[in-house]
Amino acid sequence: MATVKTTSRSQPSKRRIALYIAAFFLMILLAVMAYNFSFIKGQLNVGTAYGARVACSCHYIGGRDLKDCEKDFEPGMEVIGLSLDEERKRVTASALMIASATAEFREGWGCVMLTESQLEQE
């Protein structure tokens, strides 16, 4: 008489279960970010434009240091970085390599925002 051997599958380890759960939540996070990308990009565009304009006015009109000008930012603008071009009297604000905006100081006009076409002409 023949006996049948059955192989029992071992239970998945706790580490593997935790890995599956983490991968599941990462997929959900990526899906939500992809779904809301246009909204996020729009908010970053507004934030960088505001940051460039405020920092330009603060530095060239107020005479303050650029690091000191970051105190004027609204809460939630920590992801926006500033760079200064003293030669052209410009301040550029950028966020997460997704959005950037540049403001230029012009005597008699104050700080004005530059469009993409104005930046490309140079």
Side-chain angles (χ1 to χ4, degrees):
M1 184 177 315
T3 59
V4 177
K5 291 185 178 180
T6 60
T7 58
S8 63
R9 292 185 63 188
S10 62
Q11 295 292 327
S13 67
K14 291 181 181 180
R15 185 175 183 186
R16 181 171 285 203
I17 291 172
L19 183 64
Y20 286 144
I21 291 172
F24 176 73
F25 281 116
L26 181 64
M27 287 178 20
I28 289 175
L29 178 67
L30 290 174
V32 168
M33 287 180 67
Y35 180 76
N36 291 319
F37 182 74
S38 63
F39 175 75
I40 293 169
K41 184 167 174 34
Q43 293 294 322
L44 289 175
N45 284 334
V46 170
T48 54
Y50 174 81
R53 172 70 171 75
V54 167
C56 179
S57 297
C58 172
H59 182 72
Y60 289 109
I61 297 172
R64 294 166 46 198
D65 186 48
L66 202 60
K67 286 290 182 192
D68 189 46
C69 294
E70 289 180 358
K71 295 176 186 174
D72 296 341
F73 282 4
E74 296 294 322
M77 293 183 63
E78 292 83 15
V79 297
I80 295 176
L82 298 174
S83 62
L84 184 64
D85 183 357
E86 285 285 356
E87 182 181 316
R88 295 181 178 168
K89 293 188 176 181
R90 291 181 178 175
V91 175
T92 301
S94 59
L96 306 174
M97 297 173 35
I98 296 174
S100 69
T102 302
E104 180 180 72
F105 176 73
R106 296 182 181 167
E107 196 65 43
W109 292 90
C111 289
V112 295
M113 297 302 298
L114 299 179
T115 63
E116 293 294 325
S117 61
Q118 289 172 323
L119 290 171
E120 290 172 0
Q121 288 176 354
E122 297 177 2

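- Considering only heavy atoms from C-beta on, T92 stays 4.5 Å or farther from D85 through its side chain.
- For S94, the side-chain contact (heavy atoms from CB on, under 4.5 Å) partners two or more places apart in sequence, or in a different chain, are S100.
- More than 12 heavy atoms of other shown residues, nucleotides or ligands fall within 6.0 angstrom of atom CD in E86.
- For I80 against T48, the heavy-atom pair with the smallest separation is CD1-N, 3.8 Å.
- Residues G51 and L82 approach most closely at O-CD2, 4.0 Å, considering heavy atoms.
- Residue pairs that meet the ring pair (Phe, Tyr, Trp, His ring centres under 6.0 Å) test with at least one member in residues 92-122, sequence neighbours left out, are Y60-F105.
- In the hydrophobic cluster analysis, where Ile, Leu, Val, Met, Phe, Trp and Tyr join through side-chain heavy atoms closer than 4.5 angstrom, M113 is grouped apart from I98.
- Heavy atoms only, all atoms of each residue included: V91 and A52 are closest at O-CB, 3.8 Å.
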Sequence neighbours excluded and cut-off under 3.5 Å, please list the side-chain donor-acceptor pairs for residues 64-76, or say none.
from : atom 1 : to  : atom 2 : distance (Å)
R64  : NE     : D68 : OD2    : 2.8
R64  : NH1    : D72 : OD2    : 3.1
R64  : NH2    : D68 : O      : 3.0
R64  : NH2    : D68 : OD2    : 3.4
R64  : NH2    : D72 : OD1    : 3.4
R64  : NH2    : D72 : OD2    : 3.4
D68  : OD1    : K71 : NZ     : 3.0

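- In this structure, I40 CD1 and L44 CG are separated by 7.5 Å, a value rounded to the nearest 0.5 Å.
- For the ring pair (Phe, Tyr, Trp, His ring centres under 6.0 Å) condition, no pair includes a residue of residues 78-99, sequence neighbours left out.
- Residues passing the side-chain contact (heavy atoms from CB on, under 4.5 Å) test with S117 are T115, sequence neighbours excluded.
- Pairs engaging residues 17-55 under the ring pair (Phe, Tyr, Trp, His ring centres under 6.0 Å) rule: none recorded [sequence neighbours left out].
- Here the closest heavy-atom approach between residue I61 and residue G110 is recorded as CD1-CA, 4.2 Å.
- Among R53, R90, R88, the one residue that satisfies the salt bridge (charged side-chain N to carboxylate O under 4.0 Å, His left out) test with E104 is R90.
- In this structure, L96 is a member of the same hydrophobic cluster as M77, with clusters built from ILVMFWY side-chain heavy atoms closer than 4.5 Å.
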